[in-house]
Amino acid sequence: MQACPFGTVPSATCSAILKEPMPDKKSVVIRPAKGFTGSMSLPGDKSISHRYAMLGAIAEGLTKLENFSTGADCASTLECLKTLGVKWERIGDAVAIYGHGPKLKAPDAPLDCGNSGSTIRMLSGILAGQKFTSELTGDDSLRRRPMARIIEPLEMMGAKTTAADGGRAPLSISGGRLKAIDYKLSVASAQVKTSLLFAGLYADGTTRVAEPIQTRDHGEHALEAFGAQLERRMKDVSVAGGQKLHAIEATIPGDFSSAAFFLCAAGLFPESQLTISGLLLNPTRTRLLDFLIGLGLRITPTDLREQHGELVGMVQVQGGVLKGARVVGEDTAALIDEIPVLAAIAPYTSEGIEIRDARELRVKESDRIASVATNLRAMGAKVEEFEDGLRIPGGQKLHGAKLDSFGDHRIAMAFAVAALRAEGNTEITGADAAVISYPEFFNALEGLVQR
Ligand code: S3P
């Protein structure tokens, strides 16, 4: 037995678990199901896990996080923090982070952010405030994604950066003392908002970030939980520089974006009964519940409580007959991570689903508009593709097919759900991409389907 930050545990489990290498492209075969029923809880929310890990690293004291995300993206954040001199331990689903305080150690190697846009963009805010140069890079997908959205404001605050062509990773950031800015985001992005608020902690004066559309506010809740004071209005948040953060102990609520796959799977079968407990229900994340209710599901939230500013509870879902929906404007922004799975179940609705104003989907882990359209067509569906979205008629019958995840975790999981109502088996190549946010996904899905 060995003493650990979480008490005394068998020594075999009390060691830092290193990021697992991504397995080779693996396929899964999904067989059609007759129903979908059961109870579950989910590993900790990815957005919150990243933020708590980063703030725990620059806080004073020992932060203990139960139900930390099991995904490879959050492991990338932890590995980058280690390269920056932060000590942490992973014990089962918990992580203990020994706060290093605001000044991190100069890294002796490039920071590998893997597939994680959240890691590279949010960590950049903290690195902009460090008196050293860091290099950040990632996998092929991450190196294709736009970084100008953080480079521009961080440079305005005084950081010096270099980037590959088109403002892409690898990035280098030479930081130091920053000056506060008053910045209006041109893209609605919670990653950028959070990055600038983190940088604001290192700035002289008060940094203000205004967003065109309200995005998820986990950065704001996390900063407040770690002891920072913010001034918040709906689409406008300010943070004064020089504030000290203290450690926290928290249980991270279940990931709502992972729950989305199960909520939509329940929607495919009129007799479904699904209960998800300990789920994140922050209203900036749960627009999918409104849509699914509008489509015809009965969803009851109960056992509501607040944990470090985040709303958490249980949802009970009863299947129904899915009608149709149009997703535009602020709804598209609020549903951005859930659109692949919503689109994947669209052919099974009676009236179809149209999604517009979703250009951002083209610069996610894959071009999600193209990935969804390609896979739906492979399953025999009619789909209209637009530069900013998709129109998918309802009342369609899909057949099993050989699909590709396009290396994108949410595409792999979305089409595992679509496959449950198809005729015949569906093979998804590169299904191991699910490890990015939810390594246990296929087992959890299999545990709830009825055949
Ligand atoms: C996230 C914000 C969103 C989302 C991503 C996680 C976050 O990205 O798509 O999965 O944790 O802040 P953008 O900020 O690029 O919109």
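A quick note: this is a predicted structure, and the numbers were derived from the prediction, not measured.
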Original post:
Of all heavy-atom pairs between Phe269 and Lys34, which one has the smallest distance, and what is that distance?
Top reply: CD2-O, 3.5 Å
Subject >> Closest non-hydrogen atom pair, Arg168 against Ala163 >> reply: O-CB, 3.5 Å
Subject >> Backbone N/O of Leu42 and side chain of Asp255: donor-acceptor pair under 3.5 Å >> reply: no
Original post:
Within the side chain of Ser141, is there an N or O that forms a donor-acceptor pair under 3.5 Å with the backbone of Glu365?
Top reply: yes
**OP:** Grab the two heavy atoms, one from Ser49 and one from Phe68, that are nearest each other, plus how far apart they are.
**Re:** O-CE1, 3.4 Å
**OP:** Identify, with sequence neighbours excluded, every residue that meets side-chain contact (heavy atoms from CB on, under 4.5 Å) alongside Ala343.
**Re:** Ile355, Val372, Leu390, Ile392
Subject >> Atom pair CG/NZ of Leu111 and Lys82 - distance to nearest 0.5 Å >> reply: 13.0 Å
Original post:
Can the positive tip of Arg356 be found less than 6.0 Å from the middle of the six-membered ring of Phe386, inside 45° of the ring normal?
Top reply: yes
Original post:
Under 4.5 Å between any side-chain heavy atoms of Leu398 and Tyr348, yes or no?
Top reply: yes
**OP:** Decide, yes or no, whether a salt bridge links Arg216 with Asp337 under the criterion of side-chain N to carboxylate O below 4.0 Å.
**Re:** yes
**OP:** Give a yes or no on whether a salt bridge exists between Glu330 and Lys235, defined as a side-chain N under 4.0 angstrom from a carboxylate O.
**Re:** yes
Subject >> Straight-line distance of Gln316 CD to Ile276 CD1, nearest 0.5 Å >> reply: 11.0 Å
Subject >> Flag, side chain of Arg149 to backbone of Ser189, donor-acceptor distance under 3.5 Å >> reply: no
**OP:** Output yes when Arg359 and Asp357 qualify as a salt bridge under the 4.0 Å nitrogen-oxygen rule, no when they do not.
**Re:** no
**OP:** Run the numbers on Arg451 and Glu446 for salt bridge (charged side-chain N to carboxylate O under 4.0 Å, His left out), then give the verdict.
**Re:** CA-CA 10 Å; Arg451 293 209 162 82; Glu446 206 47 41; 2.5 Å; yes
Original post:
Just by distance, do the side chain of Trp88 and the backbone of Val95 share a donor-acceptor pair under 3.5 Å?
Top reply: no
Subject >> Test: Asp45 and Arg285 ion pair at under 4.0 Å >> reply: yes
Subject >> N/O donor-acceptor pair under 3.5 Å between Ser195 side chain and Gln191 backbone >> reply: no
**OP:** Could you go through the salt bridge (charged side-chain N to carboxylate O under 4.0 Å, His left out) check for Arg368 and Asp408 one step at a time?
**Re:** CA-CA 8 Å; Arg368 286 184 173 158; Asp408 184 331; 2.8 Å; yes
Subject >> Heavy-atom closest contact (Pro301 atom, Leu281 atom, distance) >> reply: CB-CD1, 4.4 Å
Original post:
Using the benzene-type ring in the case of Trp, are the ring centres of Phe262 and Phe441 under 6.0 Å apart?
Top reply: yes
Original post:
Does the side-chain contact (heavy atoms from CB on, under 4.5 Å) test come out yes or no for Leu171 and Glu135, once each step is laid out?
Top reply: CA-CA 6 Å; Leu171 304 181; Glu135 274 181 51; over 6 Å; no
Original post:
Taking the side chain from Ser76 and the backbone from Ala72, do they hold a donor-acceptor pair closer than 3.5 Å?
Top reply: yes
Original post:
Out of curiosity, Thr332 OG1 to Asp388 CG, how far, rounded to the nearest 0.5 Å?
Top reply: 8.5 Å
Original post:
What closest approach, in Å, do Leu279 and Gly254 show between heavy atoms, and which atom pair accounts for it?
Top reply: CD1-O, 3.6 Å
Original post:
Are Arg362 and Glu385 close enough for a salt bridge, meaning some N to O gap below 4.0 Å?
Top reply: yes
Original post:
What do the steps show when you test Leu223 against Glu220 for side-chain contact (heavy atoms from CB on, under 4.5 Å), and what is the final call?
Top reply: CA-CA 5 Å; Leu223 278 162; Glu220 292 89 314; over 6 Å; no
Original post:
Is it true that Lys64 and Glu89 make a salt bridge, defined as a side-chain N closer than 4.0 Å to a carboxylate O?
Top reply: no
Original post:
Do Glu211 and Lys193 sit within salt-bridge range, that is, some charged N less than 4.0 Å from a carboxylate O?
Top reply: yes
Subject >> Arg377, CZ: over 12 other non-hydrogen atoms inside 6.0 angstrom >> reply: yes
Original post:
How long is the gap from CD1 on Ile436 to CG on Asn115, to the nearest 0.5 Å?
Top reply: 4.0 Å
Subject >> Separation between CG of Leu289 and CD1 of Ile293, rounded to the nearest 0.5 Å >> reply: 6.0 Å
Original post:
Judged by atom type as modelled, is there a donor-acceptor pair below 3.5 Å linking the side chain of Glu155 to the main-chain atoms of Thr161?
Top reply: yes
Original post:
Looking only at side chains, do His409 and Ser437 share a donor and an acceptor under 3.5 Å apart?
Top reply: yes
Original post:
If every non-hydrogen atom of Gln396 is compared with every non-hydrogen atom of Gly380, which pair is closest and at what distance?
Top reply: OE1-O, 4.4 Å
Original post:
Under 6.0 Å from the NZ atom of Lys105, do we count more than 12 heavy atoms belonging to anything else shown?
Top reply: yes
Original post:
Are the side chain of Thr251 and the backbone N or O of Asn67 linked by a donor-acceptor pair below 3.5 Å?
Top reply: no
**OP:** May I ask you to check whether over 12 heavy atoms, not counting those of Glu423, lie within 6.0 Å of atom CD?
**Re:** no
**OP:** Decide side-chain contact (heavy atoms from CB on, under 4.5 Å) for Ile411 and Ile428; before the verdict, give the C-alpha distance in whole Å, the side-chain angles of both, and the deciding distance to 0.1 Å.
**Re:** CA-CA 10 Å; Ile411 298 298; Ile428 305 172; over 6 Å; no
Subject >> Thr349 side-chain N/O to Gly352 backbone N/O, donor-acceptor pair under 3.5 Å >> reply: yes
Original post:
Under 3.5 Å, is there a donor-acceptor pair between the side chain of Ser272 and the main chain of Leu268?
Top reply: no
Original post:
So how far is it from Leu445 CG to Ile30 CD1, rounded to the nearest 0.5 Å?
Top reply: 6.0 Å
Original post:
Who pairs with Lys46 by side chain to side chain donor-acceptor pair (under 3.5 Å), at least two apart in sequence or on another chain?
Top reply: Asp73
**OP:** Could you tell me whether Glu271 atom CD has more than 12 heavy atoms of other residues or ligands within 6.0 Å of it?
**Re:** no
Subject >> Passing option when Phe256 is tested against Val315, Leu288, Asn282 for side chain to side chain contact (heavy atoms under 4.5 Å, CB included) >> reply: Leu288
**OP:** Any chance you could lay out the side-chain contact (heavy atoms from CB on, under 4.5 Å) test for Arg143 and Thr137, step after step, and finish with the verdict?
**Re:** CA-CA 7 Å; Arg143 281 187 277 111; Thr137 189; 3.5 Å; yes
**OP:** Could you verify whether a donor N or O on one side chain and an acceptor N or O on the other, from Ser257 and Glu338, lie under 3.5 Å apart?
**Re:** yes
Original post:
Is there side-chain contact between Ser118 and Thr77, with at least one heavy-atom pair below 4.5 Å?
Top reply: no
Subject >> Pairing residues for Arg410 by the side chain to side chain donor-acceptor pair (under 3.5 Å) criterion, not counting sequence neighbours >> reply: none
Original post:
In terms of side-chain geometry, is the basic nitrogen of Asp331 or Arg287 positioned less than 4.0 Å from the acidic oxygen of its partner?
Top reply: yes
Original post:
Got Leu403 and Met379 here, is their nearest side-chain heavy-atom distance under 4.5 Å?
Top reply: yes
